[in-house]
Number of protein chains: 2
Amino acid sequence: MTIVDVAKHAGVSTASASKVLRNAYGASEAMREKVRASMEELGYRPHGPARGMRGRTYTIGVLVSDIDNPFFSLLADGVSSVIRAHSYELLLSPAGFTRSGQRNVKDALIDHQMDGLVLVSPLMSSEELEETARDIPLCVVGHHSDSDLFDSVAGDDELGASLVVDHLVELGHERIAFVMNHDGRMDPARPEYHRLAGYRAAMERHGLTDQAAVLDASWSFEGGVTAARLVDELPVQPTAVHAGADIVALAMMNELWRQERFIPEAYSLAGYDNSRTSALGPIRLTTVDQSGRQMGETVGRLLVERIEGRTDSRHELMEPTLMARSTTVAPRGE
Amino acid sequence: MTIVDVAKHAGVSTASASKVLRNAYGASEAMREKVRASMEELGYRPHGPARGMRGRTYTIGVLVSDIDNPFFSLLADGVSSVIRAHSYELLLSPAGFTRSGQRNVKDALIDHQMDGLVLVSPLMSSEELEETARDIPLCVVGHHSDSDLFDSVAGDDELGASLVVDHLVELGHERIAFVMNHDGRMDPARPEYHRLAGYRAAMERHGLTDQAAVLDASWSFEGGVTAARLVDELPVQPTAVHAGADIVALAMMNELWRQERFIPEAYSLAGYDNSRTSALGPIRLTTVDQSGRQMGETVGRLLVERIEGRTDSRHELMEPTLMARSTTVAPRGE
DNA sequence: GTGAAAGCGCTAACAC
DNA sequence: GTGTTAGCGCTTTCAC
């Protein structure tokens with residue numbers, strides 16, 4: 001069942017059938033009807049690789065570290081909903097947490113002639129991203145950039161972190177610690193760089209610079225265990241901790257729970273990401289919502305624009321919102 | 001940069017270069033060396049669609065409802081690790097929870113000439129699966145089947161459910177309710193059908209048939225809210241509930257928490273899936289582990305075997321294990 | 001607005 | 001073991 005069969009059945013040339021298939025310019029309405037009817041009747045399905053050979057694959061590749069992240073799920077949904085409307089499909093590829101793994105998957109996606117690429121929080125330098133952008137339309141998520149060669153969509157991490165500090169200060173806290181992901185200390189492309197900056201700026205704005213304490217731990221479950229220990233080792237105990245990311249906060253809660261200590265009795269705790277788990281009854285973690293779905297929609301829109309010809313770059317910053325829940329309360333005795 | 005360039009550069013025919021590329025039979029070691037060196041030197045990358053046109057795409061498509069499910073993540077990791085060793089790539093496609101959406105995505109995957117397909121808990125009849133299996137090597141996960149046309153990997157749900165009942169009985173429970181997903185009542189292909197059977201069989205084995213109570217609610221967050229209400233409406237309160245799935249148990253905990261009631265004080269509660277959330281400190285849900293990674297590895301192995309030529313079908317049942325945690329305790333006053 | 005024909009990069013069949 | 005060549009299904013000039 002090929003396009004030749006369809007053309008024969010409809011009594012037109014393959015070229016015309018192809019135009020109808022692609023909704024391309026240069027076919028009369030009558031012809032479109034005829035061809036579409038034949039396609040329907042014959043149950044014709046276009047052959048992906050054959051299309052990819054000459055034209056487009058109508059497929060957008062999305063690279064993520066691992067798929068076990070509720071934020072990615074929302075993001076993928078958002079991208080998917082937008083690009084489907086333009087008859088593109090979405091293909092997701094889990095690439096792991098190593099540079100080489102991500103590079104392999106990225107190359108594989110390019111080899112498969114994806115029409116566009118989405119890289120989510122990639123472990124790649126800005127140079128490598130620009131290199132990639134020369135090969136394929138590119139939109140990067142969660143990487144702050146101002147490159148001329150690709151688009152980016154990121155949360156306003158600075159604002160998000162300051163939202164948390166403002167909320168804690170409003171509750172009466174002064175000694176507020178922040179858990180930092182070491183990797184991003186010096187890299188302005190990373191979200192944690194901006195969250196730290198937002199935390200620092202907000203503390204200063206409230207005249208609390210002296211009360212600030214930054215703990216060094218990776219943003220992972222293991223990092224959360226470390227962070228819980230680091231808090232205890234602080235010379236002066238904070239009354240509140242901004243964990244920087246939900247996964248860290250959840251691990252800290254887990255670790256304290258193991259020691260039969262509880263949040264918010266031990267200290268107030270906030271995360272970042274509004275993961276599904278954070279909303280659950282017995283947890284109710286105060287966090288920051290990034291609206292993954294909306295970010296995904298933006299990504300989809302930017303990528304389709306770029307595939308259709310835009311060449312100048314766009315860099316969107318999305319506004320996060322605070323989700324105040326049960327893990328942040330007024331400090332005791334103050 | 002095509003295979004023709006590589007062949008020229010290495011001073012061999014394109015056919016030979018192709019053989020080296022595919023690790024196919026019929027090329028001397030000397031030739032392999034030469035060609036590989038040229039590929040390296042020229043930075044040659046095979047063109048996916050061109051390969052898919054004549055031969056294989058070296059890509060396996062995995063269809064999942066949505067990617068926000070920790071079990072899928074482990075599964076994908078497992079599949080990926082096995083197929084990579086055979087130089088296949090994995091492409092994941094979130095297809096949503098509707099029949100039509102899943103069918104569209106499945107068709108798109110076939111159109112793209114995937115070499116094999118993994119369908120995870122598909123919303124498709126066994127007939128439709130057999131239909132699909134005529135088009136493409138197929139392995140289905142979480143669908144109990146004995147079809148001759150495709151392979152399947154599923155957990156031993158009957159055993160899993162009875163493990164939970166045994167555990168609860170051992171703690172001293174007798175009035176143990178089970179939350180059932182209505183959709184699967186009559187369909188022996190569905191996991192819930194077997195979990196219900198396992199629950200019933202175990203209750204009978206313990207002489208508790210009269211104490212059994214099956215509640216009808218969908219296996220979703222919303223279903224969990226309903227289930228919590230249904231438990232309260234039972235004429236005789238159970239001392240323990242097997243929620244059938246973690247998501248249901250978590251929603252039930254969440255709903256009770258809203259009413260300022262707590263697990264296990266209200267009643268003992270068990271889930272199924274060993275989701276990451278279930279292990280967290282403040283939750284510690286008793287559940288059943290399905291070892292998603294191992295299932296994924298099995299899926300990968302079966303699919304590669306089938307792509308390489310096996311034609312008879314395999315149906316693997318994987319043994320689950322009980323994860324006894326804090327939500328199941330001895331009933332009060334007994 | 002429509003059709004004929006070339007050719008994308010690769011693989012497989014077959015000849016040597 | 002190695003090379004020659006046809007052709008996969010589609011898109012895209014370029015005539016008409």
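Throughout, a chain's letter reflects where its sequence line sits, starting with A, and its residues are numbered from 1.
Taken to the nearest 0.5 Å, the OG1 atom of A:Thr132 stands 6.5 Å off from the CG atom of A:Leu119. Taking CG from B:Leu63 and CZ from B:Arg103, the interatomic distance works out to 12.0 Å, rounded to the nearest 0.5 Å.
Considering only side-chain N and O atoms, B:Ser16 lies under 4.0 angstrom from the phosphate OP1 or OP2 of D:dG3. The side chain of B:Tyr44 contributes an N or O atom lying less than 4.0 Å from OP1 or OP2 of C:dC10. Distances shorter than 4.0 Å separate none of the side-chain N or O atoms of A:Ser18 from OP1 or OP2 on D:dC10. Residue B:Ser13 places at least one side-chain N or O closer than 4.0 Å to OP1 or OP2 of D:dG3.
Within the helix from C:dG1-D:dC16 to C:dC16-D:dG1, the inter-axis angle between the opening and closing five-pair segments is 30°, rounded to 10°.
The CZ-C1' distance, from B:Arg51 to D:dG7, rounds to 18 Å in whole Å. Regarding B:Tyr58, its OH atom lies at a distance of 11 Å from the C1' atom of C:dC10, rounded to whole Å. Atom CZ of A:Arg32 and atom P of C:dT2 are 10 Å apart (whole Å). B:Met53 places its CE atom 13 Å from the P atom of D:dG7, with the value rounded to the nearest Å. Rounding to whole angstrom units, CD1 of residue A:Ile3 and P of C:dC8 are separated by 19 Å. Rounding to whole angstrom units, NE2 of residue B:His47 and C1' of C:dT11 are separated by 15 Å. As rounded to whole Å, 14 Å separates atom C1' of D:dC10 from atom NE2 of B:His112. Following rounding to the nearest Å, B:Lys19 (NZ) and D:dT2 (C1') show an atom-to-atom distance of 7 Å.
For A:Asp146, the CG atom counts as loosely surrounded, since its 6.0 Å shell holds 12 or fewer non-hydrogen atoms of other residues, nucleotides or ligands. At most 12 heavy atoms of other shown residues, nucleotides or ligands fall within 6.0 angstrom of atom CD in B:Glu40.
B:Pro49 comes within 4.0 angstrom of nothing in the nucleic acid, heavy atoms only.
Here the rule is side chain to side chain donor-acceptor pair (under 3.5 Å) with B:Arg306, and of B:Thr311, B:Asp151, B:Asp312 only B:Asp151 fits it. Of the listed residues (A:Val153, A:Leu138, A:Val118), just one forms a side chain to side chain contact (heavy atoms under 4.5 Å, CB included) with A:Leu303, and that residue is A:Val118.
Taking a 4.0 Å limit (strictly below) on heavy-atom distances, residues 20-31 of chain A reaches DNA chain D at A:Leu21, A:Arg22.
Of the two residues near DNA chain D, B:Thr14 and B:Arg54, the one whose nearest nucleotide lies more 5' is B:Thr14.
The pair A:Arg56-A:Asp115 does not meet the salt-bridge criterion, since no charged nitrogen lies less than 4.0 angstrom from a carboxylate oxygen. Between B:Glu305 and B:Arg301, at least one side-chain nitrogen of the basic residue sits less than 4.0 Å from a carboxylate oxygen of the acidic one, meeting the salt-bridge criterion.
Counting only N and O atoms by type, the side chains of B:Gln113 and B:Thr57 include no donor and acceptor under 3.5 Å apart.
Comparing atom distances between the B:Ala15 side chain and each of D:dG3, D:dC8, C:dT2 picks out D:dG3 as nearest.
Ring pair A:Tyr58/A:Tyr88 is tilted by interplanar angle, where 30° to 60° counts as tilted.
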